[in-house]
There are 2 protein chains.
Amino acid sequence: MHSDAFFPPRTLLPFSVLLFSAFLFAAAAAKAEDGYDLWLRYQPLEQETRHQYRPQLRQLLIPGREQSPALNTIASELVRGVGGLLERAPAVSEHIRGDGFVLVATPQSSPLVRAEKLPLKGLGDEGYLIRSVKIRGHQGTVITANSERGLLYGGFHFLRLLQTRTSIAEVDISGQPRIGLRLLNHWDNLDRTVERGYAGQSIWDWWNLPDVLDPRYTDYARANAAIGINGTVLNNVNASADSLTPRYLAKAAALAEVFRPYGIRVYLSARFSAPVEIGGLTTADPKDPEVQRWWQGKADEIYRLIPDFGGFLVKANSEGQPGPQDYGRSHAEGANLLARALKPRGGVVMWRAFVYQQDNPEDRAKQAYSDFVPLDGQFDDNVIVQVKNGPIDFQPREPFHPMFGAMAKTPLMMEFQITKEYLGFASHLAYLGPMYEEVLKADTFARGAGSTVTRVVDGSLYGHRLTGIAGVANIGSDRDWSGSTFNQANWYVFGRMAWNPDLSAEEVARDWLKITFSNNPTLLDIGLEMMLASRQAVVDYMTPLGLAHLMATGHHYGPGPWVSDLARPEWNPAYYHRADRNGIGFDRTGDGSNAVAQYAAPVAARFASRSGVGDDLLLWFHHLPWDYPVASGRDLWGELVYRYDRGVATAQNLQDQWHSLENHIDPERFDKTARLLAVQAREAKWWRDASVAYFQSVSGRRLPAGSAQPSHSLEYYQQQQFPWAPGH
Amino acid sequence: MHSDAFFPPRTLLPFSVLLFSAFLFAAAAAKAEDGYDLWLRYQPLEQETRHQYRPQLRQLLIPGREQSPALNTIASELVRGVGGLLERAPAVSEHIRGDGFVLVATPQSSPLVRAEKLPLKGLGDEGYLIRSVKIRGHQGTVITANSERGLLYGGFHFLRLLQTRTSIAEVDISGQPRIGLRLLNHWDNLDRTVERGYAGQSIWDWWNLPDVLDPRYTDYARANAAIGINGTVLNNVNASADSLTPRYLAKAAALAEVFRPYGIRVYLSARFSAPVEIGGLTTADPKDPEVQRWWQGKADEIYRLIPDFGGFLVKANSEGQPGPQDYGRSHAEGANLLARALKPRGGVVMWRAFVYQQDNPEDRAKQAYSDFVPLDGQFDDNVIVQVKNGPIDFQPREPFHPMFGAMAKTPLMMEFQITKEYLGFASHLAYLGPMYEEVLKADTFARGAGSTVTRVVDGSLYGHRLTGIAGVANIGSDRDWSGSTFNQANWYVFGRMAWNPDLSAEEVARDWLKITFSNNPTLLDIGLEMMLASRQAVVDYMTPLGLAHLMATGHHYGPGPWVSDLARPEWNPAYYHRADRNGIGFDRTGDGSNAVAQYAAPVAARFASRSGVGDDLLLWFHHLPWDYPVASGRDLWGELVYRYDRGVATAQNLQDQWHSLENHIDPERFDKTARLLAVQAREAKWWRDASVAYFQSVSGRRLPAGSAQPSHSLEYYQQQQFPWAPGH
């Protein structure tokens, strides 16, 4: 008889056989690590840690919970979280009975908290305080706030302390969000497809709403509340007017009701032409009184169903969407039309600045600024203009958008993309924390040094109270929500940085790794290295040196730098790289499109300087000869190929690093991630090979010594077709 | 202080508070009953039952498992199943050590089994025997078969005995399938939409295959093997030729590899024009030698990747699909083209008979028969013609298809629909067991009395060895696979009846209820009543008295009996009901389309008789005046309204019955089902009201006394629009 890996050899029977049975049974009975729990994965901490925490977590007191769904929600999350992490649920009590209590209350709901006179004044409506206290001789922890929402965030922060194995023995933490509107944007359609979605279909089962409420809606709210997200735009910015019909408003209202105890408001993308399409009017002109009345009536109707409705997100006069310019009106006039309808109930309009015109010969990177900056001061005070992080479109790397800092009288809201339309879909590991950080920390110099994008977005630069940040969600019906475990980190870091833009990508990644996997130092070290290297790798193998928009048409899957025959010039990769026999890059200096002039003078000067701009953005701003010497000492051609090769090498290294962690990760998540990293390594090489083959054909240059020839001919790469690519 | 339902009153502290905490924690930690486990839900049996079984299930012996993925699969399923059901996993042993062994082996793999000389001769390749035995003085159970596949089915049958609390003390059971090809047909597209799918998107994540293998693929195979399904057609009959490209064949091959240990073969829908679309040929003419060579090459390519590939399913010259008639060739010539390519490797062609022509004025119910019966004898021996259960299209009730029994020389395969395109989508409870049973037990009289449809399909009537039954799957990415718990029963009963068409819908329903919920007698009684009443209810509130095809256009959601303006006559509900001031119904007697003549004489005579046909099919075959007296004593108009009312009443009763079971069902499944039953009751009334309003407007008759007026005007119902209805 022979043994194999699965069945133990006979000589060890019967003990090993029993072990085997027990193993099989345990494997079947144990919960598979399918990623569903996200950062609410309350699996038991290491034994020693559990034992340390337990005496500090004997009792939970949440006065007033009987009357409040929100407090009830906090109680249930804390019992669930502490119970899971410590394998022992705290007693929910009415009175402090000894050391180890956790008291969750506002000064209003608890005389004990009130007596402590804790400093809550500056914490606003969403902030909280977590502090070790001694009450009536007993040692414990107080989580307090000015509001139930604050308690909710404090409760989740407290759970995070446990999840990250932080001591709660002498704790004194206060937190409050730096930004008011912390929103997910779902580009989800009513047929459950998701534009640029790579993780299954929409989690909104519109058809069965409001009758059926998927338990997933609650878990979505929990996951978002845990990271501070306080609003969600349910439907695609390329909106159907049907979303505003009574039938669909009832569905949105059902979701709003699920989300409410978690402090999450519902918003809708509004189609500007809705008065015509579902209102029976002949125009959507913002100056038409009937149109104004229609929107007012619609807003009233919405607020009857959703009393805390957040407002509208609008994509207007952009990529074929209707808008005020169809009637000769400005973006401001269009935005104000909707804003006035929402104003009486406190709703806001988020008006997107992502515009570029088919018939506009101006550099696409300049058009949004040109359209919007002249309107500064014309927007109503409940309008916020939503600006993508860069001037083109969510590329792996862009300079910050020139509108940040350029509109003193208008609140500007950041729009990040969490889904990776241009960074390898759901399959590539690309931790976006460093990208968000790079943009947020960029200095606009709009009011001198220190005028960071963060200070534009948090309102402090120009003193705006209406502030916001949006992330285009990477959430779908896949069991793990985001198509891969590492993609979850992008949702997570977006939420954490939306709350506190000063956080570093690294510290958030470390928290996430601890919560998602374990506290193992090897895992944390290598995991962190992988995450922090990953986005630059994608830049390197897709769009190095400031190149952009080199992907295939439509679905955006894979390389297409050769594409130059599309109807609109700015849809073509060739428009962006401008490569020929002599050189490559888009001249945006004064000799070219002069896009640099849209930035404040110090920034403009830096971007306009070949040596000052930095090689990471070199070809975004400059058209240069192939033999131009870059900082590394290589010539431009050599540096281009070097960076492609570096990207491929990093992608391959990610695989090796992951495999070194096999003993530290559960089999289910290990295997799926390993398979995806193999896809990434393969596709990185494909991007590099196809791009190098193309640029070689244009430049006529030989590959640097040691750099491998592409595996196939350029024609081969050009012939690849992917009619069923997702997200399109 | 006040108590509420969730938090216990203070006076009971601290005991109840601890209980509450424990409850919250247990609720969080326990596996939610989300329906994912289907009939593989190995939750612990009642304590007494567990104790009875345990002494009989101490040891599991599966010799040879080290060398065989299939046996390994059986071992793991039995350990998991028994371990879960009895809360104690059996020891996996090499030798019998006492009473209570379960020995799973073929006579070849075990001398002990061989020595028992059990009667395996007639059990074929998939049959099995489960028998209580005494070996070397020890009492135990043997599961044996001629093949590993037989052991697999025997193993699942054994688990079913436990799940249904059947005694295994003195067991002697043999089983073998009556039908060879027991297949699911997935109408799944490469973009992950599912035609007529109402349970999310396709479970095939084509984009990420073959790199990523969702654990769900394995669970799909387990669930199917458990009910005897042995093949699956992965892609929609409205096929894309891309499914046959190397890229997509590699994806199909990856699925085939997952399914293989479970005895499940992969099949593909083939697009007849593939030689043109992906082969670069200018024709797909079956007589063209290049076309023949192309299909042979394609078959070779497939078998290199999938050595046990099952074959092709083809929808040709039907609803716009390409086919041999495009080249003046017959269905037989088309089918044989593909059959000859597959023949050397044992593949089959399943050629669908669902055809009707735009320019054919013949009664649509007659066209398939007219096209196919003259071809009897012309099909190669590895072709089987796949015929829908009725002559139109999966209506709530149709007579059996006249082709059954009419083609002595051609194997005919049954095509049932499991997804409920015409029976309320995923939301209505309609247990299809009684419908399958009604069709299978129908007597064609083709070779005299007893020539049932079952005997056509199982091959016994005309001595065919190639036999098959297909079910159009109701499976999607929803967590519960089928959109509701009760929909799972339709997948289940399809599999069970495909294995044994003599099973009654009732006994299968009883098994399913026990496995899915519990052994509670109240639950079983009421659950069974609900299931058995449900399909007739749908018939009553949608298409009573033999009416058919009265649904709205395109998506088929809701009533549309008034529709009469579609391009093709047979697309219009009015074509089918033919209602006017004087009467209603489709005359298919000799005075009308004479469709009755397609049936064998005794059946034809019965169908042609107004009094003999039975009221359930009355208007399918007869056009009758509104005052025609039916069997109940009512006139036709009164009976029509009566049946609509009866359907609504039953739908409402289903709700009441379900609510009476609240204490017997877990909260998660109880709540979702309750919500869906509310939808069904509402939509039943909508169907009834809209249909009655319409037929009233046509007949000009008053409602019978006691029957309520529709809630809205006919115009209201006609104006309802559902542009986002799923599955279309």
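In this text the structure is predicted, and so the values were computed from the model without any measurement. Throughout, a chain's letter reflects where its sequence line sits, starting with A, and its residues are numbered from 1.
- No donor-acceptor pair closer than 3.5 Å links the side chain of A/Q655 to the backbone N or O of A/A681.
- Only the side chain of B/F722 comes within less than 4.5 Å of a heavy atom in chain A; its backbone stays farther off.
- Contact annotation for A/P210: only backbone heavy atoms (N, CA, C, O) come within less than 4.5 Å of a heavy atom of chain B.
- Shown here for B/E94 and B/R65, the closest heavy-atom pair between the two residues is OE2-NH2, 2.8 Å.
- Here A/D219 does not pair with A/R216 in a salt bridge; the nearest charged N to carboxylate O distance is not below 4.0 Å.
- Under the 3.5 Å distance criterion, the side-chain polar atoms of A/R675 are left unmatched by any main-chain donor or acceptor of B/V212.
- When each of A/N189, A/T193, A/D242, A/L60 is checked for heavy-atom pairs under 4.5 Å with chain B, A/D242 comes out on top.
- The choice from B/K672, B/H728, B/R247 that makes the most heavy-atom pairs within less than 4.5 Å of chain A is B/R247.
- Between the side chain of B/N236 and the main chain of B/A239, no donor-acceptor pair closer than 3.5 Å is present.
- Heavy atoms of A/A725 lying under 4.5 Å from chain B belong to its backbone as well as its side chain.
- Heavy-atom distances place no part of B/Y42 under 4.5 Å from chain A, backbone and side chain included.
- Proximity to chain A (any heavy atom under 4.5 Å) is shown, for B/D205, by neither the backbone nor the side chain.
- Listed options A/L213, A/N208, A/D671, A/L676 were ranked by heavy-atom pairs under 4.5 angstrom with chain B; first place goes to A/L213.
- If you measure heavy-atom distances from A/Y557 to chain B, the contacts under 4.5 Å come from the side chain alone.
- For B/P215, the part sitting under 4.5 Å from any heavy atom of chain A is the side chain, from C-beta outward, and nothing else.
- In the model, A/S484 has a side-chain atom that pairs as donor or acceptor with a side-chain atom of A/N487 under 3.5 Å.
- At a 4.5 Å heavy-atom cutoff, the contact between A/V679 and chain B is made by side-chain atoms alone.
- With values rounded to the nearest 0.5 angstrom, A/L209 atom CG is found 9.5 Å from A/Y248 atom OH.
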Show, in sequence, the C-alpha distance, side-chain angles and deciding distance for A/E77 and A/R222, and conclude whether the side-chain contact (heavy atoms from CB on, under 4.5 Å) test is met.
CA-CA 9 Å; A/E77 193 73 32; A/R222 292 173 58 226; 2.7 Å; yes
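- Put simply, the side chain of A/Q680 gets close to the backbone of A/L429: a donor and an acceptor are under 3.5 Å apart.
- Looking at B/D478, the atoms closer than 4.5 Å to chain A (heavy atoms on both sides) all sit in the side chain, from C-beta outward.
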Evaluation steps, ring pair (Phe, Tyr, Trp, His ring centres under 6.0 Å), between B/W204 and B/Y220:
CA-CA 11 Å; B/W204 316 133; B/Y220 168 88; 5.0 Å; yes
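- Both the backbone and the side chain of A/W724 come within less than 4.5 Å of a heavy atom in chain B.
- Neither the backbone nor the side chain of A/D214 has a heavy atom closer than 4.5 Å to any heavy atom of chain B.
- The contact between B/S240 and chain A is made entirely by side chain atoms (from C-beta outward), counting heavy-atom distances below 4.5 Å.
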